[in-house]
Amino acid sequence: MHRRIIAPGALAAATVLLAIPASAAGFSPGAPGIGDPYYPAYGNGGYDVSHYDLRLKYQPATDELEGTATLLARTTQDVSRFDLDFLLDVSEVRVNGSKARFAASGEHELEITPRAPLPKGTDLTVVVRYRGVPSQKQAYGFTSWHRTPDGGVGANEPEAAWWWFPSNDHPLDKATYDVSVLVPDGTQAISNGRLQSTSSRLGWTRWNWRSNKPQATYLATLAVGRFDITTGTTDSGIPVINAYSKDLGDNYGSARASVERTGEIADWLVEYFGPYPYNALGGYVPNTNTGYALETQTRPFYSPRQFANGSNTSVVVHELAHQWYGDLVSVSGWKDIWINEGFARYAQWLWSEHEGEGTAQEIADYVYASRAADDPFWTVKPGDPGPENQFHIAVYDRGALALQALRNEIGDDAFFAILKGWPQRYAYGNATVADFVTYAEQVSGRQLDGLFDTWLHQPEKPAAPAARAASMAPSSVGAPAQPKSWKKIAATNGVHEHEPAHAH
């Protein structure tokens, strides 16, 4: 690594003095974090990325990755220096064609100092050449790179990009992607979006993927291994590519029996959430030992463990629901996670209804009744759970209870108008929990802050009157029966749990 630069504003003053505007003293470093209180060091300030072009070469036998990342961006302030989030070993950085100084900093920062300060509104082309072994890199004591017997996988939330490409790693900075990966013949490289082409030469095959709609960095994925690939088309005409590790063993059949229904389930979700927002669809199941699944845009990641007890369409519903709630409309900050997880869980309740295995109301009654008032579950506030509880089961189940309470308060017509209208209102952008409350009030014509405060923000079990108003916990009958779908839904409870769990 190059020596840490102490005074970047004075960099090479003798040679570039004439190129520096008189106001250079007003230039300052872009912030090393984007400003998210849950993860202060995630993302960066001073610029906004519009496109990532990643040209990679990966050797499955050794887990060695080398790449050239080209980022198209624009400065959002007068910048003397800026950061990318990245962990691998960098050999060269260029900014607008000229070599730039760089240094590693903190747990996962790559500090870049261009030859001359950059005025606000400057178009940037940043080229980073790098290599490394992702599985040997850790930050905050963990890795988001999954080594597999036949390769590796980048997939995690809220961070995965650092292990395979330099980025502005926060959902606020969404961009389009071209991901081109060279792997040995007989090995496949899976990523987001559409497969543009493949070509083979001298024992290596290049896979070219394109994600042509804005995509958050944690939703970008790379999986290299030996996969069986299936292709198809949904009734609505969207091409589907699914991939299954050849190593899934006894879980192979149940994985395929679940993920092959992706097109059918996506078409079903269109009825509730509006048009499917992308031009590609699918899912992949690598041979990892993790327990979670992830809504990687257009092509969710599923752990084999999701299918250990047989087929599980409920987890497919959950991850595909995120294509609208989480991917199309992304969180503004990680505290807004309810507008991802509460809705994806509620989609599972709607699927249960569709499959005749218990209505959303029956599931809500069961969830409410099965947790005593002193259960710590009720102390988690889905509307702002804190980083340590970002993926707590309460964000899912209590988050879905809030939606059932809303449905009962405003009626099905307004409720389903909101479910379908919200993804259009903030399409390809970001939104907050407060934005959703405002939108729900606008569509329903009702004041709803009290309802949302009760179900999302109070660290206690909503009292019987509020529950009865939401048609939950009927006071005169015994405990509700467990809905038939409950075990399948509960099987997805660890769907985003990190291993090891971490809060930072």
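As the structure is a prediction and not an experimental result, all values here were calculated from the model.
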Residues that K487 engages under salt bridge (charged side-chain N to carboxylate O under 4.0 Å, His left out), provided they are two or more places apart: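 Here no residue qualifies.
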
Restricting to non-hydrogen atoms, name the atom on N192 and the atom on S211 that form the minimum distance, rounded to 0.1 Å.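 Heavy atoms of N192 and S211 come nearest at CB-OG, 3.7 Å.
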
Closest contact, heavy atoms only, Q297 versus K213: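 Looks like NE2-O, 3.8 Å.
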
Partner set under ring pair (Phe, Tyr, Trp, His ring centres under 6.0 Å) for Y252, not counting sequence neighbours: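 Once residues adjacent in sequence are excluded, Y252 has no partner under the ring pair (Phe, Tyr, Trp, His ring centres under 6.0 Å) criterion.
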
Pairing residues for Y346 by the ring pair (Phe, Tyr, Trp, His ring centres under 6.0 Å) criterion, not counting sequence neighbours: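 Residues passing ring pair (Phe, Tyr, Trp, His ring centres under 6.0 Å) with Y346: W349, F415.
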
Are the side chain of Y38 and the backbone N or O of Q390 linked by a donor-acceptor pair below 3.5 Å?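 Not a single qualifying donor-acceptor pair exists.
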
Around atom CG of D375, are there more than 12 heavy atoms of other residues, nucleotides or ligands at under 6.0 Å?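 Result for CG/D375: enclosed.
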
Sequence neighbours left out, cut at 3.5 Å: what donor-acceptor pairs do the side chains of residues 428-436 make with other protein atoms?
| residue | atom | partner | partner atom | Å |
| --- | --- | --- | --- | --- |
| Y428 | OH | P277 | O | 2.7 |
| N430 | ND2 | P171 | O | 2.9 |
| N430 | ND2 | V331 | O | 2.9 |
| T432 | OG1 | A434 | N | 3.4 |
| T432 | OG1 | D435 | N | 3.0 |
| T432 | OG1 | D435 | OD2 | 3.1 |
| D435 | OD2 | T432 | N | 2.9 |

Parallel, tilted or perpendicular: which fits the ring planes of W422 and Y426, with parallel below 30° and perpendicular above 60°?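 Correct class here is tilted.
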
Among side-chain atoms of Q348 and T492, is any donor-acceptor pair under 3.5 angstrom?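 Checked: Q348/T492 side chains pair up, N/O donor to acceptor below 3.5 Å.
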
Identify all side-chain donor-acceptor contacts of residues 265-275 below 3.5 Å with residues at least two apart in sequence or on another chain.
| residue | atom | partner | partner atom | Å |
| --- | --- | --- | --- | --- |
| D267 | OD1 | S236 | OG | 2.8 |
| D267 | OD2 | D235 | N | 3.1 |
| W268 | NE1 | H354 | ND1 | 3.4 |

List in chain and number order the residues that pass side-chain hydrogen bond (donor to acceptor under 3.5 Å, both in side chains) with D449, two or more places apart in sequence or in another chain; answer none if no residue qualifies.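 With neighbours one apart ignored, the set is Q447.
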
